Student: 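Pasting in a structure now, in structure tokens, and then I'll have a few things to ask.
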Amino acid sequence: SPEVTPEVTPEVTKMLLAMTGDMTRGEIMRKLGLKDEKHFRENYQQVAVKLGLIEMTIPDKPRSSKQRYRITAFGKDALRKADQDRKADR
């Protein structure tokens, strides 16, 4: 069966492009220039986690103060694909 690529929103793509290594939610929000934590959680973080594009470094303790997020291999593939699509649109 063909591989299904999930619908990656522009917000999530922007977040993936901003992420480097393991980052806290606050670090990612600062890099994106976002102040509203609820908006970030609902439109960026939770969407990316559900799609398997980013993962928690401490999945069994989602509320840990030491929690970080990182791009998964699947997330890196999605970024590469988005980049190819952008180049093809030119």
Side-chain angles (χ1 to χ4, degrees):
S1 67
E3 194 175 309
V4 177
T5 305
E7 193 52 49
V8 181
T9 63
E11 290 87 355
V12 169
T13 300
K14 202 157 82 175
M15 179 181 71
L16 293 176
L17 290 168
M19 288 178 71
T20 50
D22 297 356
M23 297 175 77
T24 65
R25 183 168 57 215
E27 288 168 339
I28 301 166
M29 285 177 63
R30 268 194 301 282
K31 227 166 162 189
L32 292 169
L34 298 172
K35 302 243 185 297
D36 184 339
E37 199 175 305
K38 184 175 188 280
H39 172 75
F40 172 75
R41 247 193 348 264
E42 292 175 356
N43 296 285
Y44 293 78
Q45 176 193 336
Q46 289 175 350
V47 176
V49 169
K50 269 192 199 103
L51 293 174
L53 301 169
I54 65 170
E55 63 188 0
M56 292 181 240
T57 55
I58 316 169
D60 52 331
K61 293 188 184 156
R63 298 194 183 284
S64 168
S65 62
K66 293 176 176 54
Q67 188 63 262
R68 301 274 185 285
Y69 296 87
R70 63 177 160 236
I71 300 177
T72 62
F74 184 61
K76 288 178 181 150
D77 284 346
L79 265 182
R80 267 194 298 278
K81 189 171 179 352
D83 194 45
Q84 288 166 351
D85 290 347
R86 265 199 309 279
K87 287 181 178 140
D89 286 345
R90 285 193 197 134

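Computation of the quantities below employed the complete heavy-atom set of this structure, encompassing side-chain atoms and omitting hydrogens, waters and symmetry-equivalent molecules. Model, not experiment: these values are computed from the prediction.
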Student: Nearest 0.5 angstrom please: D83 CG to L17 CG, how far?
Tutor: 8.0 Å
Student: Can you list everything that forms a side chain to side chain donor-acceptor pair (under 3.5 Å) with R30? Sequence neighbours excluded, please.
Tutor: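 Result, side chain to side chain donor-acceptor pair (under 3.5 Å) vs R30: none returned.
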Student: Which pairs pass salt bridge (Lys or Arg N to Asp or Glu O under 4.0 Å) with one or both residues in residues 46-56, sequence neighbours excluded?
Tutor: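 Every salt bridge (Lys or Arg N to Asp or Glu O under 4.0 Å) pair that includes a residue of residues 46-56, provided the two are not neighbours, is E55-R70.
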Student: Please determine whether side chain to side chain contact (heavy atoms under 4.5 Å, CB included) holds for the pair Y44 and I28, giving the CA-CA distance in whole Å, both sets of side-chain angles, and the decisive distance to 0.1 Å.
Tutor: CA-CA 10 Å; Y44 293 78; I28 301 166; over 6 Å; no
Student: Kindly write out the residues that satisfy side chain to side chain contact (heavy atoms under 4.5 Å, CB included) with N43, not counting sequence neighbours, or none if the list is empty.
Tutor: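 So N43 forms a side chain to side chain contact (heavy atoms under 4.5 Å, CB included) with H39.
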Student: Can you name the side chain to side chain donor-acceptor pair (under 3.5 Å) partners of K66, sequence neighbours left out?
Tutor: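 K66 satisfies side chain to side chain donor-acceptor pair (under 3.5 Å) with no other residue.
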Student: Specify the closest pair of heavy atoms between A18 and L32, including all atoms of both residues, with the distance to one decimal.
Tutor: CB-CD2, 3.9 Å
Student: ring-ring contact (aromatic ring centres under 6.0 Å, His included): which pairs involve residues 10-32, sequence neighbours left out?
Tutor: none
Student: To the nearest 0.5 Å, tell me how far T57 OG1 sits from Q67 CD.
Tutor: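 It comes to 4.5 Å.
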Student: Output all residues satisfying salt bridge (charged side-chain N to carboxylate O under 4.0 Å, His left out) with R25, sequence neighbours left out; order by chain, then residue number.
Tutor: E37
Student: Excluding sequence neighbours, so at least two apart, what forms salt bridge (charged side-chain N to carboxylate O under 4.0 Å, His left out) with K35?
Tutor: none
Student: Are K81 and V8 packed together at the side-chain level, in the sense that at least one heavy-atom pair is separated by less than 4.5 angstrom?
Tutor: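 The answer is no; the side chains never approach within 4.5 Å.
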Student: Any pair with a residue in residues 11-20 that passes salt bridge (Lys or Arg N to Asp or Glu O under 4.0 Å), sequence neighbours left out, goes on the list, sorted by first then second residue, please.
Tutor: none
Student: What heavy-atom pair brings G75 and L16 nearest, and what distance separates the two atoms?
Tutor: O-CD1, 4.2 Å
Student: Work out which heavy atom in T72 is nearest to a heavy atom in G52; give both atom names and the distance.
Tutor: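 Smallest heavy-atom distance, with atoms named: OG1-O, 2.6 Å.
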Student: Taking atom CD1 of I54 and atom CE of M15, what is their separation to the nearest 0.5 Å?
Tutor: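 Reported to 0.5 Å precision, the distance equals 4.0 Å.
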Student: For Y69, give me all partners under ring pair (Phe, Tyr, Trp, His ring centres under 6.0 Å), at least two apart in sequence or on another chain.
Tutor: none
Student: Among residues at least two apart in sequence or on other chains, which ones pass side chain to side chain contact (heavy atoms under 4.5 Å, CB included) with R80?
Tutor: K76, D77
